[in-house]
Amino acid sequence: MAWGGDRPYRELRLDAGGLVHTVTLDGPGADLAAARRILSLLRPATDAELAGLTELPMRR
């Protein structure tokens, strides 16, 4: 449990493959099981999932 300003929060962190994924939970009654589930579902994106990003306009 930590404090951000005047509100408590909790963070769950997953260090995987050199990346750190963080889920921040707001308040002491936050759903810890849901945050764990989110972290457990993370995986690298496939080429097909990333392909659409190359078609988006880039800011200059």
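In this text the structure is predicted, and so the values were computed from the model without any measurement.
The side chain to side chain contact (heavy atoms under 4.5 Å, CB included) search around Leu50 returns Ala45, Leu53, not counting sequence neighbours. Taking the side chain to side chain contact (heavy atoms under 4.5 Å, CB included) definition, one finds that Asp31 meets it with Ala33, Ala34, sequence neighbours left out. Partners of Leu32 according to the side chain to side chain contact (heavy atoms under 4.5 Å, CB included) rule, which considers only residues two or more places apart in sequence or in another chain, are Arg10, Leu12, Leu25, Arg36. Partners of Arg13 according to the salt bridge (Lys or Arg N to Asp or Glu O under 4.0 Å) rule, which considers only residues two or more places apart in sequence or in another chain, are Glu11.
For residues 37-50, the pairs satisfying salt bridge (Lys or Arg N to Asp or Glu O under 4.0 Å) are Arg43-Glu49, with sequence neighbours left out.
Cluster note: Leu19 groups with no other residue, as no ILVMFWY side-chain heavy atom lies under 4.5 Å from it.
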